[in-house]
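This report concerns only the one structure given below.
A note on names: the letters A, B, ... follow the listed sequences, proteins ahead of strands, and every chain is numbered from 1. The analysis underlying the following values was restricted to heavy atoms, covering all of them including side chains, and did not include hydrogens, waters or symmetry mates.
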2 protein chains.
Amino acid sequence: MLKRAPSLTEQAKSHIKQLILADEFADGRIPPETTLATDLGVSRTTIRDALSRLEHEGVIYRKQGAGTFVNRPGLQIKSRLDEIWSYEGVLRAHGYMPSTRILDVSTVSADEETAVSLNITPGDDLLVVKKLFLADTEPVILAHNHIPLCQIAAPYEESDLLLPVYAFLSEYGRQQLSYYVSDIIPITASPELVTTLHIPAQTPLLSLSEIGYSDDHQPILKSTSCFRDDLLRLRLIRRSVQ
Amino acid sequence: MLKRAPSLTEQAKSHIKQLILADEFADGRIPPETTLATDLGVSRTTIRDALSRLEHEGVIYRKQGAGTFVNRPGLQIKSRLDEIWSYEGVLRAHGYMPSTRILDVSTVSADEETAVSLNITPGDDLLVVKKLFLADTEPVILAHNHIPLCQIAAPYEESDLLLPVYAFLSEYGRQQLSYYVSDIIPITASPELVTTLHIPAQTPLLSLSEIGYSDDHQPILKSTSCFRDDLLRLRLIRRSVQ
DNA sequence: TAGTGGTCTAGACCACAAA
DNA sequence: TTGTGGTCTAGACCACTAG
């Protein structure tokens with residue numbers, strides 16, 4: 001029998017997910033919705049909501065008339081580009097020991113282009129943080145975050161910048177980060193990237209150029225990241241929409 | 001008042017989407033769920049399902065206590081990488097006049113690696129189709145599709161290969177294409193790509209290396225595509241999961 | 001405080017898959 | 001035929017926003 005807080009759906013979801021990860025359903029078959037509902041003491045609707053979310057995450061799949069099943073291939077995907085939220089988390093999921101190094105922190109005036117994309121006035125102050133992420137001891141990701149100073153609500157220590165940017169904003173920012181719109185751009189390593197990421201000149205790299213938005217769809221963050229493809233393969237599930 | 005078939009939810013969804021695209025809600029505010037429900041003669045649950053799908057597509061957003069709103073920035077994204085389904089469609093959305101050219105069709109034996117990824121026996125026959133997609137008259141995408149011959153159920157004409165591969169499989173294949181798992185890889189243009197895509201040597205390119213799965217999660221297709229980044233910028237919405 | 005979306009229930013019927 | 005997931009209803013209460 002479940003209690004409230006957070007939501008019953010959310011609890012049911014993590015409960016079922018745990019059972020899956022603990023390999024309780026060795027045959028890959030998940031009990032019928034009505035069984036789950038009576039077992040957990042909630043309505044079938046709640047169970048269906050929970051299963052829908054798990055299906056969307058790629059953890060399970062459903063076949064009408066047949067049943068609900070564990071999606072083993074889906075469980076093996078460690079870095080779904082559309083869900084990455086903390087680089088340290090991704091690296092850990094890949095089996096590396098992640099660490100973060102702050103290379104530079106500065107305050108600059110927004111140029112025209114940045115001002116437009118962040119919906120601020122050119123010349124407004126931006127906090128620019130340059131961070132390097134390492135897998136074990138190898139550099140993998142170089143990230144530049146641009147945060148308008150007006151988005152920062154509380155004083156912070158330099159060490160707080162080691163937090164994932166969404167966590168930093170949630171702690172010290174004026175608005176929470178809700179989602180990114182990201183452009184995926186192939187680039188050739190610049191001299192700076194060659195030295196920072198320890199890669200040969202001319203290595204093709206993947207760059208993610210993104211704007212982060214708040215719950216009410218205001219742009220609050222600009223971020224650019226470059227990935228070493230050999231250590232971190234980015235993966236994606238593509239589905240047809242309607 | 002809506003009728004059945006397809007589903008009421010699906011009808012409600014496209015109805016609301018049409019109203020949005022026709023700019024019926026000039027202030028960006030969508031009527032309350034209860035109003036929509038009585039207007040369309042369905043239950044609030046059905047409306048909520050429809051709105052959830054639209055929210056997931058990025059067409060609207062909801063704020064508890066405040067209302068439901070049109071997400072104008074979301075409407076402007078023309079090529080969401082996680083939803084791309086036909087290259088011609090993407091190019092058309094970008095305002096180009098798309099066309100497809102078949103460069104080569106052949107049958108080859110599956111090598112070890114391909115056999116493993118497609119869950120077939122090495123040596124099994126594969127249909128290999130090399131297609132070039134043009135925007136107006138400029139080449140933009142070079143795609144290689146590998147389809148096991150055993151997946152093809154009905155005879156086809158060469159011209160049928162011009163169809164998007166999901167449409168081809170739906171028409172002539174044994175199983176429908178349900179989703180892709182795609183690796184995003186930065187590459188440097190090979191000599192073949194330089195000539196085919198009319199680009200300078202050493203241009204960084206984006207390559208999508210994907211396995212297509214059927215409804216019951218069997219791999220049925222291998223595909224590799226290279227994109228010209230200058231004509232087709234790939235974009236993605238990244239959300240936090242749970 | 002009024003109105004909105006968020007959660008949840010209990011129950012009905014349908015469509016499809018497998019035995 | 002049986003059992004599964006898919007759709008839909010009507011109604012309740014809660015959480016939040018805004019005037």
TODO: Select base, sugar-phosphate, or nothing to describe what A:Thr34 touches, counting heavy atoms under 4.0 Å on all strands.
DONE: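 Here A:Thr34 touches no strand at all.
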Give a yes/no on whether any side-chain N or O of [X] is located under 4.0 angstrom from OP1 or OP2 of [N].
X: B:Thr46; N: D:dT9; result: yes
X: A:Thr45; N: C:dC8; result: no
X: B:Arg48; N: C:dG6; result: yes
X: A:Thr68; N: D:dT4; result: no

Starting at [atom1] of [X] and ending at [atom2] of [N], how long is that distance when rounded to a whole Å?
X: B:Glu10; N: D:dG6; atom1: CD; atom2: P; answer: 14 Å
X: A:Phe69; N: C:dA17; atom1: CZ; atom2: P; answer: 11 Å
X: A:Lys63; N: D:dG3; atom1: NZ; atom2: C1'; answer: 15 Å
X: A:Glu33; N: C:dT9; atom1: CD; atom2: P; answer: 14 Å
X: A:Ile60; N: D:dT4; atom1: CD1; atom2: P; answer: 15 Å
X: B:Asp49; N: D:dT9; atom1: CG; atom2: P; answer: 10 Å
X: B:Arg44; N: D:dC13; atom1: CZ; atom2: P; answer: 14 Å
X: B:Arg62; N: D:dA15; atom1: CZ; atom2: C1'; answer: 15 Å

Would you indicate whether the side-chain heavy atoms of [Y] and [X] approach each other to under 4.5 Å?
X: B:Val165; Y: B:Ile147; value: yes
X: A:Glu55; Y: A:Val59; value: no
X: B:Arg238; Y: A:Leu208; value: yes
X: B:Glu88; Y: B:Arg92; value: yes

Open item on the list: Taking the nucleotide of DNA chain C with the nearest heavy atom to each, does B:Leu51 or A:Ile47 sit closer to the 5' end?
Closed with: B:Leu51
- [ ] Name the closest nucleotide to the B:Gln64 side chain, picking from D:dC8, C:dC8, C:dG6.
- [x]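 In terms of side-chain proximity for B:Gln64, the closest of D:dC8, C:dC8, C:dG6 is C:dG6.
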Open item on the list: Side chain of B:Ala66 only, heavy atoms from C-beta on: which candidate in D:dG5, D:dT17, D:dT9 is closest?
Closed with: D:dT17
Open item on the list: Would the distance check show the side chain of B:Arg235 and the main-chain N or O of A:Ile184 forming a donor-acceptor pair, the cut-off being under 3.5 Å?
Closed with: no
Open item on the list: Can you tell me the base-pairing partner of C:dC13? Count Watson-Crick or G-U wobble geometry only, both distances below 3.5 Å, and say none if there is no partner.
Closed with: D:dG6
